[in-house]
There are 2 protein chains.
Amino acid sequence: MARPVGQGEQTKKRIAEKAKVIFERKGYAATSMEEIREYSQISKGSIYYHFKSKEELFLYTVEKASESWRIEWEKEANQLATATEKLYLLARFYASDMQNPISKIVPEYMGSENIEEMVKEKLIHLVQPEYDVFYEIINEGLRNQEFVSNKNAEDISHILYSTLTGMSITQFLGYDEEKFYLLYQNAIEIFLNGIKN
Amino acid sequence: MARPVGQGEQTKKRIAEKAKVIFERKGYAATSMEEIREYSQISKGSIYYHFKSKEELFLYTVEKASESWRIEWEKEANQLATATEKLYLLARFYASDMQNPISKIVPEYMGSENIEEMVKEKLIHLVQPEYDVFYEIINEGLRNQEFVSNKNAEDISHILYSTLTGMSITQFLGYDEEKFYLLYQNAIEIFLNGIKN
DNA sequence: TATTTAATAAACTGATCGGTCAGTTTACTA
DNA sequence: TAGTAAACTGACCGATCAGTTTATTAAATA
């Protein structure tokens with residue numbers, strides 16, 4: 001063995017970080033490995049040394065993004081007492097750059113044929129934790145009667161999840177960060193009104 | 001003169017119809033002209049006789065989809081009296097196949113670099129009518145006090161628009177059509193609750 | 001110091017991409 | 001029926017794609 005310094009692991013991380021930026025901006029299919037090479041300043045051979053395919057690189061990127069999102073989330077959410085407060089935090093997460101629009105790319109990737117069933121399942125499992133955050137908040141809110149609804153927690157979670165992820169299209173409105181966050185906040189307000197006690 | 005006009009127009013329409021199916025399924029970048037050729041059973045040369053580029057074919061597809069959506073909408077919406085009823089119809093439109101998930105593809109396309117500003121503006125104008133439907137309903141509801149909110153009609157419309165377009169990701173839940181529609185309906189219910197008098 | 005091997009770079013490959021083009025077919029007219 | 005123009009075809013093009021090969025480097029061990 002040689003070079004166990006972790007230098008390689010660092011390179012791998014760098015590739016993934018840079019790849020994430022381009023995947024987010026252009027989607028899976030429109031992103032070329034050449035582009036990733038140029039942006040990361042790491043040779044093609046090195047990229048393929050660390051990742052056996054574009055697909056694997058993408059999956060790794062999604063996985064890391066999902067993990068760090070979850071970690072960042074736990075860090076801030078644990079300080080909040082009510083489900084209502086957590087929903088507003090969720091809005092801020094999704095409005096800010098901190099969130100990973102990479103989950104927005106996943107459906108596009110899933111649509112491109114020839115994807116093995118195993119890979120699809122893996123992807124779903126990668127996105128699951130993000131959805132779970134929604135579900136847990138809704139469930140908590142219903143349990144302690146912060147929220148009241150004739151609908152089940154699962155449906156409500158899916159609806160809120162759709163709203164927050166769907167709101168990424170408002171990027172075309174050209175709002176500044178402040179106005180952008182306000183829009184997300186308004187979405188939460190309306191939603192809360194709709195299920196509040 | 002020769003070959004009575006109209007025959008070509010029919011072919012053009014056929015190409016666009018078939019292309020739409022594939023664009024919807026795979027997105028813009030992942031769709032190849034070869035695939036469109038195979039699926040439409042029309043030669044490559046003929047496709048390029050009618051459309052000067054893949055981009056133009058895509059824009060044409062979006063335009064036609066937007067037009068027919070609007071026509072279909074007017075046909076059914078005009079029979080409804082209240083804004084509330086119209087929102088439920090909107091939910092049905094988005095839940096059913098009748099809607100055009102092509103508007104979901106537009107952001108992906110907009111992200112792929114090298115798109116001229118003029119083309120971007122054209123695209124925004126193509127999607128605008130669909131958004132206008134939302135805005136008009138919300139505005140109508142606020143005017144006749146079906147809805148009550150401290151937020152302006154524009155923001156509310158954007159939020160609802162985001163919710164309904166964002167809900168396309170629930171396709172991965174594998175629901176049947178009935179359950180699918182119910183989920184959309186629930187979304188409208190919560191939303192309505194949130195802004196209702 | 002010699003050996004080992006993870007790590008890197010760069011040149012390369014075959015397949016596929018969007019797009020072109022020379023030429024053919026078709027349906028009409030003069 | 002010869003001529004014409006719109007409609008159409010399929011072979012082909014250069015560019016770019018994901019991925020491979022090969023040679024070299026540098027850091028660890030023995």
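Counting atom types as modelled, A:Lys44 pairs a side-chain N or O with a base atom of D:dG19 as donor and acceptor under 3.5 Å.
Rounding to whole angstrom units, CD of residue A:Glu35 and P of D:dG19 are separated by 15 Å. One interatomic measurement links the two molecules: CD of B:Glu34 to P of D:dG10, which rounds to 12 Å at whole-angstrom precision. To the nearest angstrom, P of D:dA15 lies 23 Å from CE of A:Met33. Computed from coordinates, the A:Lys54 NZ to D:dT20 C1' distance equals 17 Å when rounded to whole Å. When the C1' atom of C:dA7 is taken as reference, atom CD1 of A:Ile42 falls 10 Å away, rounded to whole Å. Across the protein-nucleic acid pair, A:Ile47 atom CD1 and D:dT20 atom P stand 14 Å apart, rounded to whole Å. For the pair A:Arg37 CZ and D:dT20 P, the computed distance is 18 Å after rounding to whole Å. Atom NZ of A:Lys13 and atom P of C:dA7 are 15 Å apart (whole Å).
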- What do the steps show when you test B:Met33 against B:Leu57 for side chain to side chain contact (heavy atoms under 4.5 Å, CB included), and what is the final call? CA-CA 10 Å; B:Met33 293 302 269; B:Leu57 170 56; 4.1 Å; yes

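Within the 4.5 Å cutoff, the side chain of A:Ile36 has heavy atoms near those of the A:Phe23 side chain.
Taking the six-membered ring for Trp and the full ring otherwise, the centers of A:Tyr184 and A:Tyr94 sit at least 6.0 Å from each other. Taking the six-membered ring for Trp and the full ring otherwise, the centers of A:Phe191 and A:Phe134 sit at least 6.0 Å from each other.
An OP1 or OP2 oxygen of C:dT8 is reached within less than 4.0 angstrom by a side-chain nitrogen or oxygen of A:Thr11. One finds a side-chain N or O of B:Tyr48 lying less than 4.0 angstrom from the OP1 or OP2 phosphate oxygen of C:dG19. Here A:Ser46 does not reach the OP1 or OP2 of C:dA7: none of its side-chain N or O atoms lies under 4.0 Å away. Remark: B:Ser32 is in phosphate contact with C:dC17, judged by side-chain N or O atoms under 4.0 Å from OP1 or OP2. Residue B:Tyr49 places at least one side-chain N or O closer than 4.0 Å to OP1 or OP2 of D:dA7. Neither OP1 nor OP2 of D:dA6 sits under 4.0 Å from any side-chain N or O of B:His50.
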Please list, one pair per line, the donor and acceptor atoms closer than 3.5 Å that link side chains of residues 116-129 of chain A to other protein atoms, with sequence neighbours excluded.
unit_1: A:His125; atom_1: ND1; unit_2: A:Glu121; atom_2: O; d: 3.0
unit_1: A:Gln128; atom_1: NE2; unit_2: A:Asp132; atom_2: OD1; d: 3.0

